[in-house]
Amino acid sequence: MNIRRVSFDHPDAVKLNDQVQAEYHVRYGDGGDATPLDPSDFDPPNGVYLIAYDDNDTPVATGGWRSQDSNGEGNLDGDAELKRMYVVDAMRGRGMARRMLAELEEDARAAGRRRMVLETGTEQPEAIALYTSSGYEPCVKFGYYRFHEASRCYAKAL
């Protein structure tokens, strides 16, 4: 697996983002994740967006983080918010998500972020299992979906 930094609006990022949005639609029955995102959210040093490619140079996994500081949506100073973690169906179960998560945590730590936070949902038990087995603990809900019953928020000190 070859992990590369790309822009959030890179064609491969757009392709994988469309796939994850389609999966959210299947799992939650709505139009996908409506959290406002701007490509500049992921520009270093305030964030990063990564894509993992297989040996055939096919994009197979993605994830990013963006800086968050204290705001009216429940974030704290020094937060790095994890966004768009996704592995294509054919490549799941091979440790790619765990490796991507570790890369993102290391990058956020190097950028001076103190805590990685994420929001997922009850219809993504695989994601919840990954995060809790990686040291994430439930935290106060934050962000766009903080008032939704199916929302689950987690945090880990970096």
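Small disclaimer: the values here were computed from a predicted structure and weren't measured.
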> Are the side chain of T132 and the backbone N or O of I128 linked by a donor-acceptor pair below 3.5 Å?
Replying inline: yes
> Between the main-chain N or O of V20 and the side-chain N or O of N17, is there a donor-acceptor pair closer than 3.5 Å?
Replying inline: no
> Are Y136 and Y154 an aromatic pair by the rule of ring centers under 6.0 Å?
Replying inline: no
> Counting N and O atoms only, with roles assigned by atom type, does the side chain of N46 sit under 3.5 Å from a partner on the main chain of D43, one being a donor and the other an acceptor?
Replying inline: no
> Does some side-chain heavy atom of F142 sit less than 4.5 Å from a side-chain heavy atom of D79?
Replying inline: no
> Is the shortest side-chain N to carboxylate O distance from R152 to E119 below 4.0 Å?
Replying inline: no
> Short question: side chain of K156, backbone of S134 - any donor-acceptor pair under 3.5 Å?
Replying inline: yes
>> Starting from M100, can I reach V117 by hopping between I/L/V/M/F/W/Y residues whose side chains sit under 4.5 Å apart?
In response: no
> Is the backbone N or O of S151 less than 3.5 Å from a side-chain atom of K141, with the two atoms forming a donor-acceptor pair by type?
Replying inline: yes
>> With heavy-atom distances below 4.5 Å as the criterion, would you say the side chains of M1 and M96 are in contact?
In response: yes
> Within a radius of less than 6.0 Å around CG of D55, do more than 12 heavy atoms belonging to other residues, nucleotides or ligands occur?
Replying inline: no
> Within the distance-only criterion (no hydrogens, no angle test), does the side chain of R66 pair as donor or acceptor with the backbone N or O of D41 below 3.5 angstrom?
Replying inline: no
> Y145 and W65: same hydrophobic cluster, using ILVMFWY side-chain contacts below 4.5 Å?
Replying inline: no
> Does any N or O in the side chain of R92 come within less than 3.5 Å of the main-chain N or O of V87, such that one atom is a donor and the other an acceptor?
Replying inline: yes
>> Counting C-beta onward and ignoring hydrogens, is there a side-chain heavy-atom pair between V140 and R146 closer than 4.5 Å?
In response: no
> Would D107 and R113 pass as an ion pair if we require N to O under 4.0 Å?
Replying inline: no
>> Parallel, tilted or perpendicular: which one describes the rings of Y144 and H148, with boundaries at 30° and 60°?
In response: parallel
>> Could you check whether D57 pairs with R4 (Lys NZ or Arg NE/NH1/NH2 to Asp/Glu carboxylate O, under 4.0 Å)?
In response: yes
> Side chains of L37 and F42: does their closest heavy-atom pair fall under 4.5 Å?
Replying inline: yes
>> Strictly distance-based, threshold 3.5 Å: is any side-chain N or O of R27 a donor or acceptor partner for the main-chain N or O of E123?
In response: yes
> Any ion pair linking D77 and R114 (charged N to carboxylate O, less than 4.0 Å)?
Replying inline: no
